[in-house]
Amino acid sequence: MSSPLQSVQGMSDIAAPDVRLWQRLEEIARATLARYGFEELRTPIVEFESVFTRSIGSTTDVVQKEMYVFEKGGRRLALRPEGTAGVMRYAAGLGPMETAGARWFYIGPMFRSERPQAGRRRQFHQCGVECLEPPSPLVDAEILALQVDLLRAWGLGECEVRLSTRGAGADAARVAEGLRDALAPREAELCEDCRRRINENVLRVLDCKQPACRAVVETLPEPTSFMDETSRTYLAQVAEHLDDLQVKHVRDPLLVRGLDYYEHTVWEITNSALGAQNAVAGGGRYRMELGGRELTGVGFAIGLERVVSVLQTLGRAEELLVPGAPLVWLVGLGDAAQRQNLSLMQSLRTAGLTCRMATGGSMKSQMRAANKAGAAWAVIRGDDELAGGVAALKNMETGEQANVPLAELAGKLTGAQK
RNA sequence: GUGGAUAUAGCUCAACUCGGUAGAGCACCAGAUUGUGGUUCUGGCUGUUGCGGGUUCAAAUCCCGUUAUCCACCCCA
């Protein structure tokens with residue numbers, strides 16, 4: 001029986017101290033993305049189901065078995081399983097002039113009903129970008145370089161960029177047909193799944209891990225060999241620009257991306273610090289039709305849980321955190337002092353200080369609380385101090401203590417903070 | 001969705017194999033001549049053994065179910 005105290009499977013709370021790392025990662029992301037000219041776009045978490053089925057593809061696993069779908073007021077709604085579809089739904093409602101040079105980014109939760117494991121949650125978080133500028137190898141390279149730049153800014157170590165192309169226009173159909181023809185005589189050698197994939201989604205066969213299937217795949221012609229010259233040239237230019245930008249990458253002709261809307265350049269970034277789910281990020285160029293408008297763009301998504309996981313494995317999470325402001329702890333002896341400390345605490349906060357107090361307990365227990373909270377200063381007041389219009393200010397690190405006139409207290413503390 | 005492992009105090013774990021109503025460390029709280037934290041010493045508190053059912057005189061322990069967690073497959077970030 002599920003307890004009302006448990007969170008839903010695969011959906012976890014992010015509490016302190018971890019949440020501080022998340023905040024820092026988001027802060028770094030916003031600063032980095034701003035330098036590339038991206039504006040944040042906050043789209044709803046719930047969309048009409050069709051927004052996803054039409055763009056991601058109704059035969060993909062993400063849509064078929066992983067999407068949270070429900071009905072409300074006779075409408076089929078879904079929790080977003082990824083970010084691009086919602087952004088494109090927004091873009092499709094704008095005029096061509098407004099989308100022409102659009103650069104948007106998003107950070108937020110996504111939902112896929114998969115079995116949780118290392119690096120996989122049912123509610124997970126992605127940071128992604130969408131760039132709707134006219135297709136160009138220059139833009140693709142820039143976006144990929146941005147992604148690598150961001151991963152570096154977060155402090156991830158070695159990441160491997162695998163690059164490929166889906167081909168443009170009719171190429172996708174030609175590749176599928178070419179692969180089917182090549183596979184047809186060898187169907188008997190393939191696993192059950194792959195025999196099904198030949199018709200449903202032939203690219204998936206390339207991705208199969210079964211030894212028998214791999215053996216067959218290795219003898220196949222490269223998918224790019226079925227493509228038009230322009231697709232191959234486009235990929236070569238992207239690779240050249242990446243070299244110019246000193247972004248290391250490897251060609252991986254077998255790279256398959258799961259969503260239907262990709263065309264042209266696609267890539268995936270993996271990190272060896274992760275377990276089986278070693279993809280930390282992915283991206284590519286895409287095209288989709290929504291509401292009678294055709295939209296093309298290039299974008300990426302980064303799995304934040306996986307970034308956090310890499311940083312923790314590498315032991316680099318700690319160094320990302322910036323220390324908080326010094327804490328001032330007010331200690332009061334007796335009801336009168338406690339009451340006046342409440343007001344004093346507020347005025348210190350108005351002066352910009354970070355303050356707390358305990359509402360009860362002996363002086364000893366209040367001092368213990370101050371120490372436990374990591375306070376830098378203790379402001380101590382009892383009857384003597386109240387009568388003298390002073391407070392005893394104690395440096396919790398050195399143990400030094402001196403009486404300070406109330407009027408000078410805030411100035412002294414803010415001065416000590418520098 | 002499939003498979004394997006796991007679930008005991010706030011945390012990390014012991015007791016389970018060979019049933020006899022749960023222990024340790026850390027943490028927490030309080031004291032150590034009455035207004036001072038961190039170290040030390042002394043004392044104290046803590047559990048529907050995940051949940052539900054079954055077998056038994058007796059279940060943390062054996063059996064079934066269920067929920068969650070971890071890991072892998074599938075797929076993806």
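Here is the naming used below: chain letters follow the sequence lines, and residue numbers restart at 1 for every chain. These figures come from a predicted structure and were not determined experimentally.
- One can place CG of A:Asp61 at 15 Å from P of B:U2, the figure rounded to the nearest angstrom.
- In this structure, the side chain of A:Ser55 engages the main chain of A:Val51 through a donor-acceptor pair within 3.5 Å.
- Atom CG in A:Leu386 sits roughly 13 Å away from atom C1' in B:G35 (whole-Å rounding).
- Atom pair A:Arg368:CZ and B:G37:P shows a separation of 8 Å (rounding to whole Å applied).
- No N or O donor and acceptor, one from the side chain of A:Arg115 and one from the base of B:A72, sit under 3.5 Å apart.
- Judged by distance alone, the side chain of A:Ser58 and the main-chain N or O of A:Thr53 form no donor-acceptor pair under 3.5 Å.
- For A:Gln9 and B:U69, a side-chain-to-base donor-acceptor distance below 3.5 Å is absent, hydrogens and geometry of angles not being considered.
- A distance-only check finds a donor-acceptor pair linking the side chain of A:Glu82 to the backbone of A:Thr84 [under 3.5 Å].
- A donor and an acceptor atom never sit less than 3.5 Å apart when one is taken from the side chain of A:Arg112 and the other from the base of B:C75.
- Here B:C73 presents its P atom at 14 Å from NZ of A:Lys65, a figure rounded to the nearest Å.
- Contact annotation: side chain of A:Lys394 to base of B:G37, donor-acceptor pair present below 3.5 Å.
- In the set B:A77, B:C73, B:G31, the nucleotide with an atom closest to the side chain of A:Gln277 is B:C73.
- For B:G35, its base sits under 3.5 Å from the side chain of A:Glu385 at one donor and acceptor pair at least.
- Between the C1' atom of B:A77 and the CG atom of A:Leu259 lies a distance of 10 Å, rounded to the nearest Å.
- When the side-chain nitrogen and oxygen atoms of A:Arg257 are compared with OP1 and OP2 of B:A77, one or more of them lie within a distance under 4.0 Å.
- Between the side chain of A:Asn395 and the main chain of A:Glu397, a donor-acceptor pair closer than 3.5 Å is present.
- B:G35 sits 23 Å from B:U39 when the P atoms are compared, rounded to a whole Å.
- When distances are taken from the side chain of A:Gln117 to each of B:A77, B:C74, B:A68, the shortest belongs to B:C74.
- When the C1' atom of B:G1 is taken as reference, atom OH of A:Tyr68 falls 13 Å away, rounded to whole Å.
- The list of salt bridge (charged side-chain N to carboxylate O under 4.0 Å, His left out) pairs with a residue in residues 136-155 of chain A, not counting sequence neighbours, reads A:Arg103-A:Glu142, A:Asp140-A:Arg285.
- Comparing the same atom, P, in B:A9 and in B:G23 gives a spacing of 14 Å after rounding to whole Å.
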